[in-house]
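Down below is the structure, laid out as structure tokens.
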Amino acid sequence: MKKILLSLVVAMGLLTARADEGMWIPHLIGKNYDEMVRLGLKLSKEDLYSINQASLKDAVVQFGGGCTGEIISPNGLLITNHHCGYGAIAGLSTVEKNYLDNGFWAYSYAEELPAKDVTALFLERIEDVTDEVNKATKKLKGEKLAKKMEEIRKKIEDRASENKKYTTQVKEYFNGNQYLLLVYKKYTDVRLVGTPPKSLGKFGGDTDNWMWPRHTADFSMFRVYANKDNNPAEYSKDNVPYRPKKYLPISIKGVKEGDYAMVFGYPGRTNRYEVSSGISMAINEVNPSIVKLRDKRLAIMRKHMDQDKAVYLKYTSSYASISNYWKYFIGQTEQLKRLNVVDEKIAKEKAFTDWAVKNKKSEYKNLTAQYNNLYGTYLPYAKHVTYYGEAFRAPALSRLAASLEPLYKELEKKSPNADTVKKHTDDLKKNYKAIVRTLDIPTDKDLFAAMTQMFYNDIPQAQHPSIYQSTIFKNYGSSASEKTYVDYTNYVYANTFLLDSNKLNAFIQQPTIEKLNSDPAFAYAYSFVKNYKDNYEAKVNDFNDKKKEFAKTYIKGLTEMNENALFYPDANSTMRITYGTVASYEPQDAVKYDYYTTMDGVMEKYKPGDDEFDLPSELIELYNKKDYGRYANANGELVTCFITTNDITGGNSGSPIINGSGEWIGIAFDGNWEAMSGDIAFDKKYKRTICTDSRFILFLIEKMGKAHNLLEEMDIRK
Ligand code: ARG
């Protein structure tokens, strides 16, 4: 295996090596080095990733779990996207002090605002632990394998954590052909330093989302704090700004077509080895279901958010992420069809099978057929699984009630274990606290009624949980009437103890199975959970196990078939490097998209009073005076955004775009519509990364924020 793994890095026809395609593993990036230099890189390998000296990887963090951020000053100043800081900014905003609407700038450390649930993960090192994992799990299958895998992971992670000094993960690469250990330092005292108003940070809103040309100032700034020894510490006023091993200097020289561009970041998930049937299932079943359910959820949320500014602040962050992926799935479906990705995959599968037959590779010759057939066995439940996640679990009350299932199981026992019960009631307290912060009961009720009805209507009768017949239709009317679901919802919310903190506390003091049994929200949730667990969970797990095995073998086979190609693993929320160039593109016949946008385009899109395209008057004044200072280009324009050929996905949001000299030239924040199938099949012609230009960002910090203190910390190069 080890030998194959080394050649993994040098191999593959399915993913023919191109400068732009590939999310490369940082400590193995040396294999790509010559190509990077050819494209314009001027740094050494050690400047990119090193465990012996400060390198670029030390300036890049995983931000808050799902995004990327980078350090741009010796004092721990961090920049990420506005849409990554959005939840924290909304959480710090009130109707009176609305930082989301008005922006925020700290003019001293003392003015910086501690943000909830924001973390910065610094990567210390990566180690290959494939041999150790393989040795421990050799010849095991199914449940035994899963159990042993958990054990060995935990063992390696515990050992490397050195008594919790480090946060550690063992992660799977190439679908389990390789295992790497990642060792991090996790900083949890992270404070808001600055953000433009939402009108700029989210300029264009959902209309422009996932599209080029774009004019969004998608950035926000935080600062990482450490204890006196520069180590992670819980929030304390004695903490001091973190001193990074490495921070990025900032170039305001500007970019031009063909310039080298490199991205370090934390891409979340891709599925580039998916087979044709999996893609058909996404196109026909899964994606349309998600879009349909989200259409409804978003309309309900919007209605309540528009009526009440406080509700708006509670829901705006989750609204943004639900709508972000609502549009994502619309775009993915459209592009998978337009680019004939299914046919392309079928052709690749056929080539693979032909190769296996010709070379008498018995391990591979039936593989893609079996892999594709597997989807056939899963198809009857695919919609149920999607609705279970997207409909049943959409209302906060349903999620809270569903989380009680393990407690219920414990209380059901003859003599429940007091410690286990305590652990579950502690979880309940935590879940309640997390949910209630962003809960508006009238909104949640509307979601509950609508999702309950849609689940009933769209999922086959035979797959319904019993609650529909036993309670809903028996007591509240016919399945065809919307009123039935509304009346039932009113009853559930009026009678559950889960949303009443006094009653909930009383239950936590004395949890009994009787109380759970008589709670209507629990009865509802348990009916869905039980139905899922009794009838579908095992099938889904079996599907996933088999799929994993097929995928692992498929990748192994592909590397044997393409011994001399460069090879990279699917994204898995670990640090990757991608390199490419600044480049325009042609979205359709006779249409050409330039590689950059300007402030003039911002003004072209300006719609006073509009939710997505309004602008602050200060910006319009600056535009009228063309007061762009040192940030104007040679034509006197202010460049706002630009595009590159880098291979990124969700999770890369907030990633630095770095030029050949290791300078920060902007921040990545999106992908383009014409390549929305990119997570499944990289499209060489259309795929672009959308970035906000460093000059637009610094211009806003200086001219709108007047935060000279921040500019002074930075190393700005013209
Ligand atoms: N599509 C971007 C991403 O996934 C998020 C952009 C946020 N803006 C928005 N209008 N939702 O990284």
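Every number for a ligand or one of its atoms is a count from 1 in the order of the listing.
The aromatic rings of Tyr266 and Tyr184 lie tilted to each other, with the angle between the two planes from 30° to 60°.
Nearest non-hydrogen protein atom to atom 10 (N) of ligand 1 is Gly205 O, 3.1 Å. For atom 2 (C) of ligand 1, the closest heavy atom belonging to the protein is Asp670 OD1, 3.2 Å. Counting only heavy atoms of the protein, atom 4 (O) of ligand 1 lies nearest to Asn324 ND2, 2.9 Å. Scanning all protein heavy atoms for the shortest distance to atom 6 (C) of ligand 1 gives Asn209 OD1, 3.2 Å. Of the protein's non-hydrogen atoms, Ser653 OG, 2.7 Å is the one closest to atom 12 (O) of ligand 1.
Residue contacts with ligand 1, taken as heavy atom pairs separated by less than 4.0 Å, do not involve Tyr328 at all.
Each of the following atoms of ligand 1 lies closer than 4.0 Å to a heavy atom of Lys202: 9 (C), 10 (N). Contact atoms of ligand 1 toward Asp206: 10 (N), 11 (N) (distance under 4.0 Å to a heavy atom of the residue). Within ligand 1, the atoms closer than 4.0 Å to a non-hydrogen atom of Phe669 are 2 (C), 3 (C), 12 (O), numbered from 1 in the order shown.
At a threshold of 4.0 Å, the pair Glu21-Lys687 does not count as salt-bridged, since none of the basic side-chain nitrogens sits closer than that to a carboxylate oxygen. Salt bridge absent: Asp683 and Arg688 never bring a charged side-chain N and a carboxylate O closer than 4.0 Å. Look at Lys592 and Asp594 and you find no salt bridge, because none of the NZ, NE, NH1 or NH2 atoms lies under 4.0 Å from a carboxylate O.
Under the 3.5 Å distance criterion, the side-chain polar atoms of Thr644 are left unmatched by any main-chain donor or acceptor of Ala261.
The SG atoms of Cys84 and Cys67 sit under 2.5 Å apart.
Under the 3.5 Å distance criterion, with hydrogens and angles disregarded, no donor-acceptor pair is assigned to the side chains of Gln332 and Ser677.
On a distance-only criterion, Arg214 and ligand 1 share no N/O pair closer than 3.5 Å.
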